[in-house]
Protein chains: 4
Amino acid sequence: MTAETRRPHTGRRRNEAARQAILDVAVDLLGRTDDTPVTIDTIAAAAGVGKQTIYRWWPSKGAVLLEALAGRAGVDVPVPDTGTLEDDLEAFLRATFLAGGHPRTVSALRYTMAEAQRDPHAREHMREFIAGRRRVLRGLLERARDRGETAAGADLDLIVDQAYGVLWYRILTGHADLSEADAVALAGALAGQARG
Amino acid sequence: MTAETRRPHTGRRRNEAARQAILDVAVDLLGRTDDTPVTIDTIAAAAGVGKQTIYRWWPSKGAVLLEALAGRAGVDVPVPDTGTLEDDLEAFLRATFLAGGHPRTVSALRYTMAEAQRDPHAREHMREFIAGRRRVLRGLLERARDRGETAAGADLDLIVDQAYGVLWYRILTGHADLSEADAVALAGALAGQARG
Amino acid sequence: MTAETRRPHTGRRRNEAARQAILDVAVDLLGRTDDTPVTIDTIAAAAGVGKQTIYRWWPSKGAVLLEALAGRAGVDVPVPDTGTLEDDLEAFLRATFLAGGHPRTVSALRYTMAEAQRDPHAREHMREFIAGRRRVLRGLLERARDRGETAAGADLDLIVDQAYGVLWYRILTGHADLSEADAVALAGALAGQARG
Amino acid sequence: MTAETRRPHTGRRRNEAARQAILDVAVDLLGRTDDTPVTIDTIAAAAGVGKQTIYRWWPSKGAVLLEALAGRAGVDVPVPDTGTLEDDLEAFLRATFLAGGHPRTVSALRYTMAEAQRDPHAREHMREFIAGRRRVLRGLLERARDRGETAAGADLDLIVDQAYGVLWYRILTGHADLSEADAVALAGALAGQARG
DNA sequence: CCCTAAACGAGACGGTACGTCCGGTCTTAAT
DNA sequence: ATTAAGACCGGACGTACCGTCTCGTTTAGGG
């Protein structure tokens, strides 16, 4: 994804096209399943940008990657509204597992989570990213609660933890695929937990 | 943890004392919560060993770290045998969360999981480490199944995924602590799930 | 010779101050008669420079050392012009032997000639260095020839070879000093050869 | 030159076969014009010998190489005895230049002279090697002096320096070949110089 | 005749240097 | 003032070699 067309300078104002090119390249590189190195130099070169342009707007490499990741988050996972908790949960987890099972997504998530462990900026961005995803799922659960579908003492946060926990655990260790069947099974189990 | 005493050579056979010194130093460095760098150079220096002695026996830094980690695994988590699934599960998860909540353990697990994402050798070792931990928990569940405590169609592997998924998810994102209360709640939820 | 004062960056152009610092340190280290190691690391450290800055501009250690040596060549040996071949030759060889007999010069020449045997880049630079020194002496001889002081068939190159041959032979083997008396004797002998 | 046949142990006495194998391999490796590394490991492996067997009898790598070189010295350069200085000198220098011009010899001399600059043991051996070669040539000159062929004040040592100086200078810098014509020319010049 | 001491092949070891890679900072010249 | 370009410092990486050390084996020669 090398910048082919000439991108004009914008003088003393921030160049939005450059910013977008950087994030696009970051997304592209993160998704590569070969061993293309994801370095600031390769990003800058591929985006047709100076390294300083990156560091002017982001504090570290991890911050760039996490913002790139966050920008792509949720595009593949619409929030379903079927009317029942189990169906919502199943639809959501199927979509989530489907997206999360794509090789490009796996690669990107693995790399960024690793980066978040060593780069404090990336860690902070990752926390926000995670919090955002959690809010969506928790919203889905709260809707069901408001409909009276959940038991009184149901720990919604713990249910969210289990859903995303399984997802990340499998992505990072690779010990099992994110199969559709497992999405369904997990949805059923978590719906059961919610009902009490 | 510098080697103070003179360590004798062992001729043409591997020097077990050197191997142990390397792993000890690795464990020590992995557990540091300050930003002490975990490098081959620092490991070698602290262990009083030449770098080549490390590379002679391990293919990469990650492999050393994972072996060091694996060597310490399970020391803090005995397998309980109370007679009932829920009590076993609760005891196991309490111990696991307790150990996994210790700053030194968190630091080590975060670093090694990150390393496993970039170093194929570390990844392979991590897979084995993960598989070993899973076997323990799965054995506990199978025992309950053999006692007839679980429903016919209960997916034991998924339950294992949920337990360790929550653990790793919290360790890596840091969005919530590994509290004792959550261990108890999770044990209850999973026991219920197993019973069907 | 550590860089004490802050050296400013020069942006996208080569930093001449850094280049000079590297060569200065190299000259200094080459001249040491103790066993201070002449390493890229020590050069970089003493010059306050990253190793990559050296490898960006020179292909190998030997290339740096040879350039450093060449930069100092000829400073101590002015080309005399007395009007007669023998006097010119004597003055030149006295100065050459004097400079070549200095411990710092001996050390530098020994090290660089050794380096030139194993490093092809250094070898190439050494060839140029040698060629440059030869040109000076040969120029002196040609001037005498133009004055009609030499025999018709005199092989000037072979005379140059003998002069520098004795110099290097003694420097490298250390079997005899570069005494003033020998400079005079050699000048007389070579002048005799030239006259035929 | 790998040791193919089984070499028997000799109990508690030095194994002469091993010693010879080491020197043979050293000579072979020194003569290689490709970039085969001349290391203790390669020598030991090729000679079918443990490294310790080398270090038991020689103090350093350079010492081995120099002894190997010395063992081959003089094999190609018989001392002529034609009856006249110029003819003796010409015959000697022709043979010397011929031998010294062989690629294997050049390679060996270059490597060992370089080694002699960094390894004190090699340096000492080189001094002896050089002294030995000098004695031969000086003997030739003294014979002529005893016949009354040289001038009273002729500096025989300087003549020896000039002869070997040219040889080594060309070998080490490679700026010119050791041609037969130059051997003849040099012999003539030095004979003239001796006659005064 | 056995038993011990030395030499041997093998190769692990501590240490030092190499040349490469990359993160984040800095400066120039162009826009 | 912002940008593309890219040099710079620092520091980790994994490799190569030196010379030392220990093991287990083999043989010579003294008790």
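The chains referred to below are lettered A, B, ... by the order of the sequence lines, with proteins before strands, and numbering in each begins at 1. FYI, side chains are in, hydrogens and waters are out, and symmetry mates aren't considered; it's all heavy atoms of this structure.
For F:dA7, the OP1/OP2 oxygens have no side-chain nitrogen or oxygen of C:Arg19 closer than 4.0 Å. For the OP1/OP2 pair of F:dT22 and a distance below 4.0 Å, the side-chain nitrogens and oxygens of B:Thr10 include no atom meeting the criterion. Residue B:Thr53 places at least one side-chain N or O closer than 4.0 Å to OP1 or OP2 of E:dG14.
Taking the centre and axis of the six-membered ring of A:Trp57, the NZ or CZ atom of A:Arg19 falls outside the cone set by 45° and 6.0 Å.
With distances taken from any side-chain atom of D:Arg56 to the nucleotides E:dA7, E:dG24, F:dC9, the minimum falls on E:dA7. Closest to the D:Arg14 side chain, of the nucleotides E:dG23, E:dC18, E:dC8, is E:dC8. Distances were taken from every side-chain heavy atom of A:Thr39 (C-beta onward) to each of E:dG23, F:dC13, F:dC9; the shortest belongs to E:dG23. Side-chain atoms of D:Trp57 lie closest to E:dA7 of the nucleotides E:dA7, F:dA4, E:dT25. Among the nucleotides F:dC13, F:dT2, E:dT20, the one closest to the side chain of B:Asp41 is F:dC13. The listed nucleotides are F:dC17, F:dC8, E:dG23; the one nearest the side chain of D:Pro37 is F:dC17. Here the nucleotide nearest the side chain of B:Tyr55, chosen from F:dT15, F:dA28, E:dG24, is F:dT15.
In this structure, CZ of B:Arg12 is placed 16 Å from P of F:dT22, rounded to the nearest angstrom. E:dC22 atom P lies 12 Å from atom CG of A:Leu29, rounded to whole Å. One can place CD1 of D:Ile54 at 13 Å from P of F:dT20, the figure rounded to the nearest angstrom. Whole-Å rounding puts the A:Ile22 CD1 to F:dT2 P distance at 14 Å. Atoms CG (D:Leu65) and P (F:dC17) sit 14 Å apart, rounded to a whole Å. The separation between B:Arg13 atom CZ and F:dT25 atom C1' is 14 Å, rounded to whole Å.
At a cut-off of 3.5 angstrom, counting only N and O atoms as typed in the model, there is no donor on one side facing an acceptor on the other between the side-chain of C:Gln52 and the base of F:dC8. With hydrogens and angles ignored, no donor-acceptor pair under 3.5 angstrom links the side chain of A:Lys51 to the base of F:dG6.
When side chains are defined from C-beta on, D:Thr10 does not count as touching D:Arg14, because their heavy atoms never get closer than 4.5 Å.
The shortest non-hydrogen separation linking D:Ala18 to D:Val49 is CB-CG2, 4.1 Å. Shortest non-hydrogen contact noted between A:Val38 and A:Leu29 is CG2-O, 3.9 Å.
With no hydrogens or angles considered, a side-chain donor-acceptor pair links A:Asp34 and A:Thr36 at under 3.5 Å.
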